[in-house]
**Q** 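Got a structure for you, written out below as C-alpha cells; questions coming shortly.
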Amino acid sequence: MEIQKYLLVSINSTEMVNNNKMLSENAIITELVPAPPESGSVCAIAIRFDKEHLLDVENILQKNKSAIKGIYPEKKMKLAGFLEKKLGLISEDFIKIVNKIIVGDDLDIVQIDYLLSTDNKKEIETIFSLADTIRQKTVGDVVEIRAAIEFSNYCKKACSYCGINRTNQIINRYRMSDEDILRTVGELDKIGIKTVILQSGEDEQISIPFLMAIMRSIKETYNMRITLSVGEKTFEEYKTLKEAGADNFLLKIETTNKEIFKEIHPDDDYDYRVQCHKWLKELGYITGSGNMIGLPGQKTIDIASDIVFFKEMGINMIGVGPFIPAQGTRFEELPHGSVDLTLRTVAVTRIVCKNVYIPATTALASLDKEAQVMALNAGANSVMLISTPENLRKNYCIYDNKNMIDINSALYAINKAKRKIPAYIKSNEGANLCE
Ligand code: SAH
C-alpha cells in the first residue's frame with residue numbers, strides 16, 4: 001500500500017528553506033515538490049513528508065513559531081472519467097463486444113441489448129460503422145429492389161395495431177382480380193423488377209387455387225421470383241403453394257415477447273406462428289420475418305430477443321419497422337416507435353445476422369423520408385416498392401400516412417446513400433419512372 005504523504009507549504013521561499021532545514025535536523029525525511037493547487041500558491045515549493053511524521057512536524061513548527069500557509073494531505077489527481085467525457089471513450093464492455101464481433105464470435109442476448117441501448121456517442125458511431133462494413137462484406141453495395149402488390153385488404157384477424165384488421169369499420173375493403181394483379185406485375189416487369197411480393201390480409205375468400213393460378217401465370221409470363229405474404233396457413237397449404245411456384249414467404253413474428261404478442265394478436269398463438277416458420281423452412285422457402293419497434297411495453301431486451309430469434313431460426317429476410325398508429329384501431333392513440341431505435345435495430349440485426357436481406361422499410365420512410373437513406377447506411381440492403389394500383393393503395397392502410405415508395409423514390413434513396421442500383425432495373429423505361 002502506498003504511504004500517505006503530506007505537503008507543507010510555507011508563506012514564502014525563505015521560510016520554506018528554513019522549515020526544510022529544521023525538519024531535516026529533526027530526522028524527518030523531506031522532499032521538495034511543487035505546491036498542491038489547494039494551497040492557492042502557484043509555482044511555489046512544498047515540503048513533502050510521510051504521514052507518520054505529521055504530529056512531529058506540527059510540534060516542531062509550533063515550537064519554532066514558524067509561519068506557514070498550511071499542511072495538506074497529498075491527493076492524486078484523479079482523471080478517471082475525463083477521457084470518457086472529453087473523448088467519448090468506449091467502455092470495457094463495449095470493447096469486449098467489438099472484439100467478439102471482429103473475430104466472428106456470436107454475441108449473447110445481454111451484449112445485443114447493450115448495443116441496442118448504449119447512449120455513448122462513440123459507441124453508437126462504432127455500431128453503425130460495423131453494421132455498414134458487415135453489410136458491405138456480406139451482401140455488397142447493390143440495393144435489391146422488390147415490389148409489393150397488396151392485393152386484398154380483407155382480413156379475418158383483429159390484430160390491435162393493424163389498420164386492415166377485421167374490426168376496422170372506417171376503411172373500404174377491396175380484393176384485386178387475377179387480371180388486375182397480372183397487369184400490375186406486367187408494369188413491374190417493364191421496369192425490370194425480378195421479385196414480386198404478393199401481400200394481403202388473411203382473406204378467407206382468397207383460395208389456395210386462386211393463388212396457385214396467379215403464381216403460375218406470373219412464372220409463365222414474367223418468370224419472376226414470388227414472395228408470398230398472406231399470413232398463417234396450414235402445413236399442407238404452404239406445401240401446395242411452394243409446389244405451385246412460391247419462392248419466398250414473409251411472415252413477421254412482430255415481437256418475441258409472448259405477453260406483448262398475445263396482447264396485440266388476440267386471434268393468434270405465438271407457438272403456432274413459430275411453427276409456421278419451421279414448416280416454411282422445411283419446405284424450402286426462403287423465409288422472411290421481422291419485428292415492430294415501439295410496441296406498448298416493449299423494451300430493448302425484447303428487441304434483443306427478436307434478433308436472437310432471427311439468428312436462431314436462420315431467417316433470410318428481416319424487416320424492422322417502427323410501429324405506427326393506424327386510425328380505427330385499438331392502438332390509434334399510441335405514439336409511433338422511434339426512428340433512432342429502429343435504425344439501431346437494423347444495424348444490430350446486420351451485425352448479428354450477417355448475410356441476410358434487410359429492407360429499408362416503408363414504415364421507416366413513412367415517418368421520415370430520409371430514414372430510408374439512413375437505414376441503407378445502417379445495414380439495410382433492399383428497398384420494397386409499393387406497387388398496389390393507386391386507386392386501391394390508400395385502402396391498404398395498415399398504418400397512417402403510409403409513404404408511397406415508387407421506383408423514383410427508391411432510386412433517390414439508393415443514390416443518396418451512395419449505393420448501387422441493380423443491373424436488372426431498366427431505369428429509362430416503365431410507367432413509374434421520371435417523366
Ligand atoms: N397478413 C399478412 C401481412 C400483414 S401486413 C401477415 O400477417 O403476415 C405486413 C406487415 O405490416 C406486418 O407484418 C406488420 O409488421 C406491418 N404492420 C402492420 N400494421 C402496422 C403498424 N400499425 N405499424 C407498423 N407496421 C405495421
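Keep in mind that this is a model prediction, so the values were computed, not measured. Below, each value reflects all heavy atoms present in this structure, side chains not excepted, and no hydrogens, waters or symmetry copies.
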**Q** If only side-chain N and O atoms count, and only distance matters, is there a donor-acceptor pair under 3.5 Å linking Y161 with H265?
**A** yes

**Q** Return yes if a side-chain donor-acceptor contact under 3.5 Å exists between S229 and Q199, otherwise no.
**A** yes

**Q** Please check: side-chain N/O of T300 versus main-chain N/O of D113, any donor-acceptor pairing under 3.5 Å?
**A** no

**Q** Which residue is it: K51, K5, R48? I am looking for the one with a side-chain hydrogen bond (donor to acceptor under 3.5 Å, both in side chains) to E74.
**A** R48

**Q** For E125, is there an ion pair with K121 - N to carboxylate O distance below 4.0 angstrom?
**A** no

**Q** Side chains of T255 and N257: any donor to acceptor distance under 3.5 Å?
**A** no

**Q** Counting only heavy atoms not in K299, do more than 12 fall under 6.0 Å of its NZ?
**A** no

**Q** Ring centres under 6.0 Å, that's the criterion: do Y272 and W279 meet it?
**A** yes

**Q** Can you find a heavy atom in the side chain of T195 that is under 4.5 Å from one in the side chain of T227?
**A** yes

**Q** Measure the shortest side-chain to side-chain distance between R419 and N381 over non-hydrogen atoms and say whether it is less than 4.5 angstrom.
**A** yes

**Q** In terms of side-chain heavy atoms, does S129 have a donor or acceptor partner in D132 at a distance below 3.5 Å?
**A** no

**Q** With a 3.5 Å cut-off and no angle check, do the side chains of S91 and E123 form a donor-acceptor pair?
**A** yes

**Q** So with a 6.0 Å cut-off around CD of Q136, is the heavy-atom count from everything else above 12?
**A** yes

**Q** Is the closest side-chain heavy-atom distance between Y270 and I253 below 4.5 Å?
**A** yes

**Q** Looking at I351, is its backbone amide N or carbonyl O close enough to the side chain of K354 to form a donor-acceptor pair, meaning the two atoms are under 3.5 Å apart?
**A** yes

**Q** State, without any angle test, whether N401 and S366 hold a side-chain donor-acceptor pair at a distance under 3.5 Å.
**A** no

**Q** Establish, for the pair R175 and Y154, whether the NZ or CZ atom is under 6.0 angstrom from the six-membered ring centre and no further than 45 degrees off its axis.
**A** yes

**Q** Is the shortest side-chain N to carboxylate O distance from K194 to D189 below 4.0 Å?
**A** no

**Q** Under 3.5 Å, side chain of R273 to main-chain N/O of K252, donor-acceptor pair present?
**A** yes

**Q** How long is the gap from CG on L116 to CD1 on I293, to the nearest 0.5 Å?
**A** 8.0 Å

**Q** Going by the salt bridge (charged side-chain N to carboxylate O under 4.0 Å, His left out) test, name the single residue among K156, K157, R166 that passes it with D267.
**A** R166

**Q** Do F235 and C276 have side-chain heavy atoms sitting under 4.5 Å apart?
**A** no

**Q** Taking the side chain from T388 and the backbone from E150, do they hold a donor-acceptor pair closer than 3.5 Å?
**A** yes

**Q** Less than 3.5 Å apart, any donor N or O on the side chain of N403 or T362 sitting next to an acceptor on the other?
**A** no

**Q** Can you tell whether the side chains of E263 and K258 come within less than 4.0 Å, N to carboxylate O?
**A** no

**Q** With heavy-atom distances below 4.5 Å as the criterion, would you say the side chains of I218 and L198 are in contact?
**A** yes

**Q** How about K96: does its NZ atom have over 12 heavy atoms from other parts shown lying under 6.0 Å from it?
**A** no

**Q** Within the 3.5 Å criterion, strictly below it, is a donor on R173 or N395 matched to an acceptor on the partner's side chain?
**A** no

**Q** Look only at the side chain of H336 and the backbone of P322, and say whether a donor-acceptor pair between them is shorter than 3.5 Å.
**A** no

**Q** Please report the interatomic distance CD(Q4) to CG(L54), rounded to the nearest 0.5 Å.
**A** 9.5 Å

**Q** Checking the side chain of E202 only, and the main-chain atoms of E232 only, is there a donor and an acceptor separated by less than 3.5 Å?
**A** yes

**Q** Go through the side-chain N and O atoms of Y412 and Q372 and say whether any donor and acceptor fall under 3.5 Å apart.
**A** no

**Q** With distance as the sole test, does R135 use its side chain to make a donor-acceptor pair with the main-chain N or O of N355 at under 3.5 Å?
**A** no

**Q** Please determine whether the number of non-hydrogen atoms from other residues, nucleotides or ligands lying under 6.0 Å from atom NZ of K239 exceeds 12.
**A** no

**Q** With rounding to the nearest 0.5 angstrom, report the CG to OG distance, L8 to S39.
**A** 10.5 Å

**Q** Here's one to test your reading of the geometry: is the NZ or CZ of R146 within 45 degrees of the ring axis of Y357 and under 6.0 Å from its centre?
**A** yes

**Q** Is the CD atom of E259 crowded by more than 12 outside heavy atoms at less than 6.0 Å?
**A** no

**Q** May I ask you to check whether Y6 and E52 show a side-chain donor-acceptor distance below 3.5 Å?
**A** no

**Q** Hey, is NE2 on H53 packed in by over 12 heavy atoms from elsewhere, all under 6.0 Å?
**A** yes

**Q** Any non-hydrogen side-chain atom of S305 less than 4.5 Å from a side-chain atom of I109?
**A** yes

**Q** Do L250 and L228 come close enough that some side-chain heavy atom pair is under 4.5 Å?
**A** no

**Q** Quick one: list whatever passes side chain to side chain donor-acceptor pair (under 3.5 Å) with T184, sequence neighbours left out.
**A** none

**Q** Heavy-atom distance under 4.5 Å between the side chains of I358 and V356, does that happen here?
**A** yes

**Q** Nearest 0.5 angstrom please: D108 CG to K100 NZ, how far?
**A** 5.0 Å

**Q** Determine yes or no for a side-chain-to-main-chain donor-acceptor pair under 3.5 angstrom, with E243 supplying the side chain and T240 the backbone.
**A** no

**Q** Give a yes or no answer on whether the side chain of D141 reaches the backbone of K420 with a donor-acceptor pair at less than 3.5 Å.
**A** no

**Q** Whether the side chain of Q298 engages the backbone of L295 through a donor-acceptor N/O pair (distance < 3.5 Å, no angle test) should be reported.
**A** yes

